[in-house]
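What's counted below: heavy atoms across the whole structure, side chains too, no hydrogens, waters or symmetry copies.
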Amino acid sequence: DVQLQASGGGLVQAGGSLRLSCAASGFAFDDYVIGWFRQAPGLKREVVSSINYNDGNTYYADSLEDQFTISRDKGKKLVYLQMDSLQPEDTAIYYCAAVRYGSGPYVPREDWQFDTWGQGTQVTVSS
């Protein structure tokens, strides 16, 4: 059974930080691109960032590149999303997703490109 597990969400005050983790079960991240997406209440799901697990190439949404950092730990088989300077508008459910993809400069970043999704982790930022 192929699954993704996102964790690390919680309640944080404005200006604080959180680090989300994404783990896979039933498959390995090798040859996959892992993406982080978020969906706030009443809003459309949007991409935050994605990373090619093999070569480390990354993509960031334009407005989030200075605030969020995506990374992977091949030893722990995890993908992280470090979120700094969090603001109430960052409140959302954060999802990790995966798609099998080769190496190269282009990194998938549209939600329709990803075919495996985790259950999401809630991030709430209080003012």
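With sequence neighbours excluded, the residues forming a side-chain contact (heavy atoms from CB on, under 4.5 Å) with Glu89 are Gln87, listed by chain and number. Remark: Phe27 engages Phe29, Tyr32 in a ring-ring contact (aromatic ring centres under 6.0 Å, His included) (not counting sequence neighbours). Under the side-chain contact (heavy atoms from CB on, under 4.5 Å) criterion, Leu64 pairs with Arg38, Val48, Ala61, Gln67, Phe68, sequence neighbours left out. Evaluation of the side-chain contact (heavy atoms from CB on, under 4.5 Å) rule for Ala40 yields Leu43, Ala92 as partners, not counting sequence neighbours. For Asp73, the side-chain hydrogen bond (donor to acceptor under 3.5 Å, both in side chains) criterion is met by no residue, not counting sequence neighbours. Gln3 meets the side-chain hydrogen bond (donor to acceptor under 3.5 Å, both in side chains) test with Asp1; sequence neighbours excluded. With sequence neighbours excluded, the residues satisfying side-chain contact (heavy atoms from CB on, under 4.5 Å) with Ser50 are Val33, Tyr59, Val107, Arg109, Phe114.
Between Thr58 atom OG1 and Ile34 atom CD1 the span is 13.5 Å, to the nearest 0.5 Å.
Each of Thr69, Ile70, Val79 was evaluated against Ser49; a single residue qualifies, Ile70, per the side-chain contact (heavy atoms from CB on, under 4.5 Å) test.
The disulfide bond (SG atoms under 2.5 Å apart) pairs that include a residue from residues 88-127 are Cys22-Cys96, where partners are two or more places apart or lie in different chains. For residues 77-98, the set of pairs meeting the ring-ring contact (aromatic ring centres under 6.0 Å, His included) definition, not counting sequence neighbours, is empty. Residues in residues 94-108 take part in these salt bridge (Lys or Arg N to Asp or Glu O under 4.0 Å) pairs, two or more places apart or across chains: Asp31-Arg100. Listed by first and then second residue, the side chain to side chain donor-acceptor pair (under 3.5 Å) pairs that reach into residues 118-127 are Gln122-Thr124, sequence neighbours excluded. Under the side chain to side chain donor-acceptor pair (under 3.5 Å) criterion, the residue pairs touching residues 16-30 are Ser17-Asp84, with sequence neighbours excluded.
Hydrophobic clustering (ILVMFWY, side-chain heavy atoms < 4.5 Å, transitive): Leu18 and Tyr60 are in one cluster. Tyr53 and Phe37 fall into different hydrophobic clusters, where Ile, Leu, Val, Met, Phe, Trp and Tyr residues are linked whenever their side-chain heavy atoms come under 4.5 Å apart, directly or through other members. By the criterion of side-chain heavy atoms lying less than 4.5 angstrom apart, applied directly or through intervening Ile, Leu, Val, Met, Phe, Trp or Tyr residues, Leu78 is not grouped with Leu81; the two fall into different hydrophobic clusters. Residues Leu4 and Tyr101 do not share a hydrophobic cluster, clusters being chains of Ile/Leu/Val/Met/Phe/Trp/Tyr side chains in contact below 4.5 Å.
Atom NZ of Lys74 sits in a crowded spot, with more than 12 heavy atoms from other residues, nucleotides or ligands closer than 6.0 Å.
Val2 approaches Gly26 most closely through the heavy-atom pair CG2-O, 4.0 Å.
In this structure, Arg45 forms no cation-pi arrangement with Trp36, as its terminal cationic atom is not both closer than 6.0 Å to the ring centre and no more than 45° off the ring axis.
Residues Met83 and Val123 meet the side-chain proximity criterion, which asks for heavy atoms closer than 4.5 Å. With a 4.5 Å cut-off on side-chain heavy atoms, Pro108 and Tyr106 count as touching.
Judged by distance alone, the side chain of Thr116 and the main-chain N or O of Ala97 form no donor-acceptor pair under 3.5 Å. Judged by distance alone, the side chain of Glu65 and the main-chain N or O of Asp62 form no donor-acceptor pair under 3.5 Å.
In summary, the side chains of Asn52 and Asn54 do not present any donor paired with an acceptor at a separation below 3.5 Å, with no hydrogens or angles considered.
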